[in-house]
K.L.:
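Quick one: the structure is below, and I'll ask about it shortly.
Because the structure is a prediction, the values reported are computed rather than measured. The analysis underlying the following values was restricted to heavy atoms, covering all of them including side chains, and did not include hydrogens, waters or symmetry mates.
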Amino acid sequence: MTMPARRAAALLACAAFGFATSAFAQDKTIKIGVLNDMSSLYADIGGPNSVAAVKMAVEDSGLKAKGWTIEVLSGDHQNKPDIGVNIARQWIDADKVDAIADTPSSGVALAVSNLVKEKNAVLLNSGAATADLTGKACTPNTVSFTYDTYMLANGTGKALTKAGGDSWFFLTADYAFGHALERDTGAVVTATGGKVLGGVKHPLNTADFSSFLLQAQSSKAKIIGLANAGGDTTNAIKQAAEFGIVQGGQKLAALLLFINDVHSLGLKTAQGLTFTESFYWDLNDQTREWSKRFQKVSPKGSMPSMTVAGLYAEILHYLKAMEALGSNPRDGAKVVAKMKELPTDDPLFGKGPLRQDGRRLIPAYLFEVKKPEESKGPWDYYKLVATIAPEDAAKPLKDSDCPLVKK
């Protein structure tokens, strides 16, 4: 090859490299996979509503108008960790999904969190409750925005024990979420001066709670703690009414209750239930305005659950981090680090830091379900009992067993 020819070839190679580098630097494509229960006991809590909330966040972020291409996929994990992991693996490996979002069912979330770390993607958890996701099982690739079992225990568990409910019996969903919720609530009850008299574990998606409720009734505990969620919680509450448990002097503590559950139960059955959430559509002008917008795009015309609202806020912050990075780095840990670096501020939860353990600090609220005569209209279901400060709603970092936390 002559000198001019070699020079021309070198120039072409440099130009090609420069073009490739420029193209990589301008990678403004993002794929988000919404992974949740689309068809079973947690479908009303999230399901298609979660997909609608993610799409709202994508539109509200304004990134599409700035040249970004954002695609939203959805999948049904059927509350089975192996199915959830298989979907997530297919999304990441074949479909080049950058972030897995929602993941109700703690068993699924813990398994997917491990996969996401291995693949260096991102897990944006809003649906799974186990505090282990930001505790002993925390990773640089996972964040939890909305709530956890520590928040639920320190809200409902502490309040009811202080109010005289000093003996507890647990009905617990027999998987990671239920175990964590019973563990955390039991610890709070004991620390507050109460006693745990016992408990019984039930399979996920139980139709008949008769034998479990009879054990709870015979325990004579003042509080029957329902360490379950979704259809399991509503079935237990309905059947407890048939057994006359509340009329007999025992109180039900719905340790995880969503507005969709109350809507399904009706105020006549749900009235008086005390529970903890970090969001309610009627909290203030901003939550009302957004929730009414959401209701118009909700597949069932429902108000948003706490996890759906949290997912919207989480996706907004994730996209804010992507914009701050200037392009998609294809590096999940780098994106999460940027999320932690940027201040969080959204219309639903306001300001609050995203800590080094991946937990966002937001207030929690102790609510009571209204009596039918107290409700002023559709979805007017809650009375605010107390506000729990953000630093009390999350486990203190000094007590954290997350390996990311520098003490």
K.L.:
Specify the closest pair of heavy atoms between I388 and G155, including all atoms of both residues, with the distance to one decimal.
P.N.:
CD1-CA, 3.5 Å
K.L.:
Taking the side chain as C-beta and beyond, is there a heavy-atom pair between L256 and F177 under 4.5 Å?
P.N.:
yes
K.L.:
Would you say K80 has more than 12 foreign heavy atoms packed within less than 6.0 Å of its NZ?
P.N.:
no
K.L.:
Considering all heavy atoms of both residues, which atom of A131 and which atom of D184 are nearest to each other, and what is their separation?
P.N.:
CB-OD2, 4.1 Å
K.L.:
For a 4.5 angstrom cut-off between non-hydrogen side-chain atoms, does Y318 reach I32?
P.N.:
yes
K.L.:
Please check if the side chain of E59 supplies one atom and the backbone of M56 the other of a donor-acceptor pair under 3.5 Å.
P.N.:
no
K.L.:
Examine distances only and state if a side-chain atom of S305 and a backbone atom of I45 form a donor-acceptor pair shorter than 3.5 Å.
P.N.:
yes
K.L.:
Could you tell me the separation between the CG atom of D44 and the CD1 atom of I259, rounded to the nearest 0.5 Å?
P.N.:
12.5 Å
K.L.:
Scan side-chain atoms only and decide if D102 and N125 contain a donor-acceptor pair under the 3.5 Å cut-off.
P.N.:
no
K.L.:
Decide yes or no for V188 and Y150: does some side-chain heavy atom of the first lie under 4.5 Å from some side-chain heavy atom of the second?
P.N.:
no
K.L.:
Judged by atom type as modelled, is there a donor-acceptor pair below 3.5 Å linking the side chain of S219 to the main-chain atoms of A221?
P.N.:
yes
K.L.:
How long is the span from the CD1 atom in I70 to the NZ atom in K28, to the nearest 0.5 Å?
P.N.:
11.0 Å
K.L.:
Can a donor-acceptor pair be found between the side chains of T206 and D208 at a distance below 3.5 Å?
P.N.:
no
K.L.:
Does the pair K31/D95 count as a salt bridge with the N-to-O cut at 4.0 Å?
P.N.:
no
K.L.:
Give the ring-plane orientation class for Y381 versus H263, where under 30° counts as parallel, over 60° as perpendicular and anything between as tilted.
P.N.:
tilted
K.L.:
Go through the side-chain N and O atoms of T234 and D261 and say whether any donor and acceptor fall under 3.5 Å apart.
P.N.:
no
K.L.:
Could you tell me if the ring centre of Y365 sits under 6.0 Å from that of Y280?
P.N.:
no
K.L.:
Take R359 and D357, measure what salt bridge (Lys or Arg N to Asp or Glu O under 4.0 Å) needs, and give me the verdict at the end.
P.N.:
CA-CA 6 Å; R359 179 76 162 90; D357 61 350; over 6 Å; no
K.L.:
Using a strict cut-off of less than 4.0 Å between a Lys/Arg side-chain nitrogen and an Asp/Glu carboxylate oxygen, indicate whether R288 and D282 qualify as a salt bridge.
P.N.:
yes
K.L.:
Sub-3.5 Å donor-acceptor pair from the side chain of S291 to the main-chain atoms of T287, do we have one?
P.N.:
yes
K.L.:
Does a salt bridge link R183 with D132, judged by any charged N lying under 4.0 Å from a carboxylate O?
P.N.:
yes
K.L.:
Taking R293 first and then E289, would you say they form a salt bridge - that is, a charged N and a carboxylate O separated by under 4.0 Å?
P.N.:
yes
K.L.:
Any side-chain heavy atom of L124 within less than 4.5 Å of one from I100?
P.N.:
no
K.L.:
Looking only at atom types and distance, does a side-chain atom of N49 sit under 3.5 Å from a main-chain N or O of A53, one as donor and one as acceptor?
P.N.:
no
K.L.:
Could you check whether F275 and Y382 have their ring centres less than 6.0 Å apart?
P.N.:
yes
K.L.:
Less than 4.5 Å apart, any side-chain heavy atom of P363 and any of M151?
P.N.:
no
K.L.:
Walk me through it: do K320 and D346 pass the test salt bridge (Lys or Arg N to Asp or Glu O under 4.0 Å)?
P.N.:
CA-CA 11 Å; K320 182 180 177 183; D346 61 78; over 6 Å; no
K.L.:
Check whether the side chains of N205 and D232 place a donor and an acceptor atom closer than 3.5 Å, and report yes or no.
P.N.:
no
K.L.:
Walk me through whether N79 and S40 qualify under side-chain contact (heavy atoms from CB on, under 4.5 Å).
P.N.:
CA-CA 8 Å; N79 299 305; S40 188; 4.0 Å; yes
K.L.:
Check whether T269 reaches the backbone of G266 with its side chain - one donor and one acceptor, N or O, closer than 3.5 Å.
P.N.:
no
K.L.:
Can you give me the closest heavy-atom contact between A333 and N120, atom names plus distance?
P.N.:
N-OD1, 3.0 Å
K.L.:
Might you work through the salt bridge (Lys or Arg N to Asp or Glu O under 4.0 Å) test for D148 and K395, ending with a clear yes or no?
P.N.:
CA-CA 10 Å; D148 61 19; K395 190 173 187 177; over 6 Å; no
K.L.:
Let me confirm one number: the NZ-CZ distance from K96 to R330, rounded to the nearest 0.5 Å.
P.N.:
9.0 Å
K.L.:
For K383, does the NZ atom have more than 12 heavy-atom neighbours from other residues, nucleotides or ligands under 6.0 Å away?
P.N.:
yes
K.L.:
Is a side-chain N or O of T103 found less than 3.5 angstrom from the main chain of A128, in a donor-acceptor match?
P.N.:
no
K.L.:
Quick check on K238: does its NZ atom have over 12 non-hydrogen neighbours (other residues, nucleotides or ligands) under 6.0 Å away?
P.N.:
yes
K.L.:
Report, as yes or no, whether the 6.0 Å neighbourhood of atom NZ on K251 holds more than 12 heavy atoms from other residues, nucleotides or ligands.
P.N.:
yes
K.L.:
Contact between F258 and V262 at the side-chain level, heavy atoms closer than 4.5 Å - yes or no?
P.N.:
no
K.L.:
Just by distance, do the side chain of H77 and the backbone of P104 share a donor-acceptor pair under 3.5 Å?
P.N.:
yes
K.L.:
How about S126 and T307: does a side-chain donor come under 3.5 Å of a side-chain acceptor?
P.N.:
no
K.L.:
If every non-hydrogen atom of P390 is compared with every non-hydrogen atom of L361, which pair is closest and at what distance?
P.N.:
O-CD2, 3.8 Å
K.L.:
Is it the case that the side chain of S298 and the backbone of S302 share a donor-acceptor pair, with hydrogens and angles ignored and the cut-off at 3.5 Å?
P.N.:
yes
K.L.:
Compute the centroid of each ring, for W281 and then for F294, and state whether the two points are separated by less than 6.0 Å.
P.N.:
no
K.L.:
So do V385 and T274 actually touch side chain to side chain, heavy atoms under 4.5 Å?
P.N.:
no
K.L.:
Go through it in stages, so that I can follow the logic: the residues are W68 and I30, the test is side-chain contact (heavy atoms from CB on, under 4.5 Å), and I'd like the CA-CA distance, side-chain angles, deciding distance and then a yes or no.
P.N.:
CA-CA 8 Å; W68 291 73; I30 302 171; 3.6 Å; yes
K.L.:
Just verifying a value: how many Å separate H202 NE2 and N228 CG, rounded to the nearest 0.5 Å?
P.N.:
4.0 Å
K.L.:
Does any N or O in the side chain of E391 come within less than 3.5 Å of the main-chain N or O of P396, such that one atom is a donor and the other an acceptor?
P.N.:
no
K.L.:
Under a 3.5 Å cutoff, is there a donor and acceptor pairing between the side chains of T142 and S113?
P.N.:
yes
K.L.:
Would you please test N114 and L110 for side-chain contact (heavy atoms from CB on, under 4.5 Å) and show each step?
P.N.:
CA-CA 7 Å; N114 287 333; L110 288 165; 5.6 Å; no
K.L.:
Would you say that D166 contacts W168 through its side chain, given a criterion of any heavy-atom pair below 4.5 Å between the two side chains?
P.N.:
no
K.L.:
Which is it for L181 and F170 under the side-chain contact (heavy atoms from CB on, under 4.5 Å) test, yes or no, and what are the steps along the way?
P.N.:
CA-CA 10 Å; L181 187 52; F170 289 97; over 6 Å; no
K.L.:
Can you tell me how far the CZ atom of F145 sits from the CG atom of L354, to the nearest 0.5 Å?
P.N.:
5.5 Å
K.L.:
For the side chain to side chain donor-acceptor pair (under 3.5 Å) test, which of D98, D27, T29 pairs with N328?
P.N.:
D98
K.L.:
For the CG atom of L73 and the CD atom of Q90, what is their distance to the nearest 0.5 Å?
P.N.:
10.5 Å
K.L.:
Thinking salt bridges, do R360 and E314 make one under a 4.0 Å N-O criterion?
P.N.:
no
K.L.:
Provide the closest heavy-atom pair for I83 versus D76 in the form atom of the first, atom of the second, distance.
P.N.:
CG2-O, 3.9 Å
K.L.:
Heavy atoms only: give me the nearest L204-L41 pair and the separation to one decimal.
P.N.:
CD1-CD1, 4.0 Å
